[in-house]
Amino acid sequence: MDIKVTLTEAIEQAAEKAIADGVFAKAELPLVVLEIPPQREFGDFATNFAMQSARVFHMAPRRIAEALAERIQGDWLDHVQIAGPGFINFYLKSNVLYDTFARILEQGENYGILPAKDVPRIQVEYVSANPTGPLHVGHGRGAATGSALVNLLRAAGYSVQSEYYINDAGNQIDNLAASVNARYMELLGKESDFPENGYHGADIVDTARRIIKKDGEKYLAMPEQERLAVFKERALQEKLAALREDLEAFNVTYDVWFSERTLHPDAVHEACDILKKNGNMYEKDGAFWLKSTAYGDDKDRVVIRDNGVPTYLAADIAYHRNKFERGFGKVINIWGADHHGYVCRVKAAMAALGYNPDNLEVLLLQMVSLYRGGELVKMSKRTGQSVTLAELIEEVGTDAARYFFIMRSLDSQLDFDLDLAKSQSNDNPVYYIQYAHARIASIFRQARETGLAVGPSPKLSLLTDAMEISLIKKIGEYAEEVDKAAAEYAPQRIARYAYELAGEFHSFYNKCRIMGVGQELAEARLALVGSTAQVIRHALGILGVSAPEKM
RNA sequence: GCGUCCGUAGCUCAGUCGGAUAGAGCAACGGCCUUCUAAGCCGUGGGUCGUGCGUUCGAAUCGCACCGGUCGCACCA
């Protein structure tokens, strides 16, 4: 039995008993919240239950705490203490710690994988960059965070499907084709105006070059519309392949690549028909408008233009309807903060279609700034001077890039220090964590040589050093950390946890030796560091960062 | 003007469904390698939690106003 559950029940029972004894007024009990006290001297666990219930029992918190303390007992409890304004601090028998740790050891590699949750499937859509150019650093944050979130939710027992929405319809793809066309003509020495909203990146020239290399000048003879159609498909295929490649190099893969084209025209019309029928869409000035103001938006939005061409929103309405129709209980989108203005209208559209807009969760990622040598690296989409994800990976590596992208809360703007990410020192949190893992691997290599191994039931009660106790406790917090981080959609919590766990290990390592301390203690310590390595591996796995055996 | 997010130590950030002396890393300073990886450890100093008012027994945390920064406010995607 989980000790926190045991404690919670003991507190509730003590309160019920005090009510039965006539000490407390009959009242609804507040929720029991257990926390790990900020300081060791305050015990293993603490609760503010007495303070929370002061109002309902009409008693001073410390008196409530006293009445509860008298009524709490269990063979797991050493003693309780009342402190501060009315905290109840619990000091547990030491065997509780060892029993808990023994169960973690039994779980082995499965520790950190939570039981499947009985809730509907979750979908996470992220990156979904237009296939019109390479991914840049901003997409990198989305890619790292999104994939880590998917891993995290799965570890926490949710069923998750990951998805990339390919914007392969509409203007930007026509511009892509026109841009490739312009480069094609240019390379073959023909007159051609570069499209006004064209893409200036070098990758477009490369695409044109590859077309020439493969098929030569044969498209010159083709009518322009036909040629554009060919180039469109060719460019799209290349761009998609490049996206996939960049993402895979970044430890990012998807269950589904969803093409926007498949929504046109049927799915878009279907969605519009529903909205027209239920009165949430109306015609004005020849266009069709979503009555989004009825659902909290600032203004109504055009869905079908007066020329009959659907807006981007039209496809998005059909797309999100499609997601809900696929039966997901929760639909999560990870967007850049620059799209925040768009959230309200998509949610409004879902509400207008009769879905619960709260089941669409849009996580907004704040902007990324790169720093090199203490200076901001200027980025500009317009001139194509932005740093690409591939360049970033080339410079700092996948592990460092992923960790740095994930380590901050999504709400915070991210200052990405390239020098720090590259540095092979303890300043660099990624190396700090990986180093802990490599050190442990090294210990096991040496243990193997000396014939030392963890037996079936190591004598854990020999682990009495303060460093050992605190490392055991930290390992014990991991499962709950996974659960919390998942519930909050906060992969950065795992990044921080891994860092803290590595810190606990390094402290232990400098204090306690494993080889040459006697067989039983050595075995127990080997079990401890083995478990540490396993948890670091699992946490890094969630983050999509490697756990090296050697550094 | 409206909206988003942010404002905590010199720097980068935790902590935010209210609770015990506000934490970590870097930077500064001082220690620790004849023993499992010093990419490590131990220690010292450093904070009006942007400002004000309010709610509360209690506010970095909740509410309101203001200040500073950020991103956005299309029949673009």
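Proteins come first, then strands; the chains are lettered A, B, ... in the order of their sequence lines, and each starts at number 1.
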Query raised in the report: Taking O4'-C1'-N9-C4 for purines and O4'-C1'-N1-C2 for pyrimidines, is B:C33 syn (within 90° of 0) or anti?
Result: syn
Watson-Crick or G-U counterpart of [N], or none if no pair lies under 3.5 Å:
N	result
B:C26	B:G10
B:C66	B:G50
B:C36	none

Requested in this report: On the 0 to 90° scale, with breaks at 30° and 60°, tag the A:Phe416-A:Phe404 ring pair as parallel, tilted or perpendicular.
Outcome: tilted
Requested in this report: Measure the acute angle between the ring planes of A:Trp257 and A:Tyr164, then classify it against the limits of 30° and 60° as parallel, tilted or perpendicular.
Outcome: parallel
Output the rounded distance in Å from [atom1] ([X]) to [atom2] ([N]).
X	N	atom1	atom2	result
A:Ile82	B:A20	CD1	C1'	14 Å
A:Asn428	B:A38	CG	C1'	16 Å
A:Leu521	B:C36	CG	P	17 Å
A:Met51	B:A20	CE	P	8 Å
A:Arg408	B:G15	CZ	P	11 Å
A:His340	B:C6	NE2	C1'	13 Å
A:Leu313	B:C73	CG	C1'	15 Å
A:Asn48	B:C17	CG	C1'	12 Å

Query raised in the report: A:His320 and A:Asn333: side-chain donor and acceptor closer than 3.5 Å?
Result: yes
Query raised in the report: Does the ring of A:Phe42 meet both stacking tests against the six-membered base ring of B:A20: centre distance under 5.5 Å and plane angle under 30°?
Result: yes
Query raised in the report: Do we see A:Phe87 stacking on the base of B:G19, given a limit of 5.5 Å between centres and 30° between planes?
Result: no
[X] side chain: which of [options] is closest?
X	options	value
A:Gln413	B:G69, B:G72, B:C13	B:G69
A:Pro85	B:A77, B:A20, B:U4	B:A20
A:Met551	B:A39, B:C71, B:G15	B:A39
A:Tyr499	B:G25, B:C5, B:A77	B:G25

For the [atom1] atoms, the ones on [N] and on [M], what distance do you get once it is rounded to whole angstrom?
N	M	atom1	answer
B:U35	B:A28	C1'	32 Å
B:C17	B:C11	P	27 Å
B:G68	B:G1	P	10 Å
B:A59	B:G54	P	12 Å
B:C66	B:G3	P	10 Å
B:U12	B:G50	P	14 Å
B:U44	B:C53	C1'	39 Å

Has [X] got a side-chain N or O lying under 4.0 Å from the OP1 or OP2 atom of [N]?
X	N	answer
A:Asn130	B:A77	no
A:Arg55	B:U56	no
A:Ser412	B:A14	yes
A:Thr132	B:A77	no
A:Lys299	B:C75	yes
A:Tyr509	B:C33	no
A:Ser409	B:A14	yes

Query - Criterion side chain to side chain contact (heavy atoms under 4.5 Å, CB included) against A:Phe231, the qualifying member of A:Leu236, A:Thr207, A:Val180 - result: A:Val180
Requested in this report: Decide yes or no, distance alone: a donor-acceptor N/O pair under 3.5 angstrom between the base of B:U21 and the side-chain of A:Gln39.
Outcome: yes
Query raised in the report: Any N or O donor-acceptor pair linking the side chain of A:Asp174 to the base of B:A77 at under 3.5 Å?
Result: no
Report task. I would like to know whether A:Gln81 and A:Tyr91 meet side-chain hydrogen bond (donor to acceptor under 3.5 Å, both in side chains); could you show each step before the answer? Result -> CA-CA 8 Å; A:Gln81 179 195 65; A:Tyr91 298 77; 2.9 Å; yes
Requested in this report: Could you tell me whether A:Tyr319 and A:Tyr165 have their ring centroids closer than 6.0 angstrom?
Outcome: yes
Report task. Go through the steps for A:Asn181 and A:Lys232 under the test side-chain hydrogen bond (donor to acceptor under 3.5 Å, both in side chains), then give the verdict. Result -> CA-CA 9 Å; A:Asn181 181 56; A:Lys232 187 195 276 193; over 6 Å; no
Report summary line: From the list A:Glu504, A:Glu500, A:Glu481, side chain to side chain donor-acceptor pair (under 3.5 Å) with A:Lys474 holds only for A:Glu500
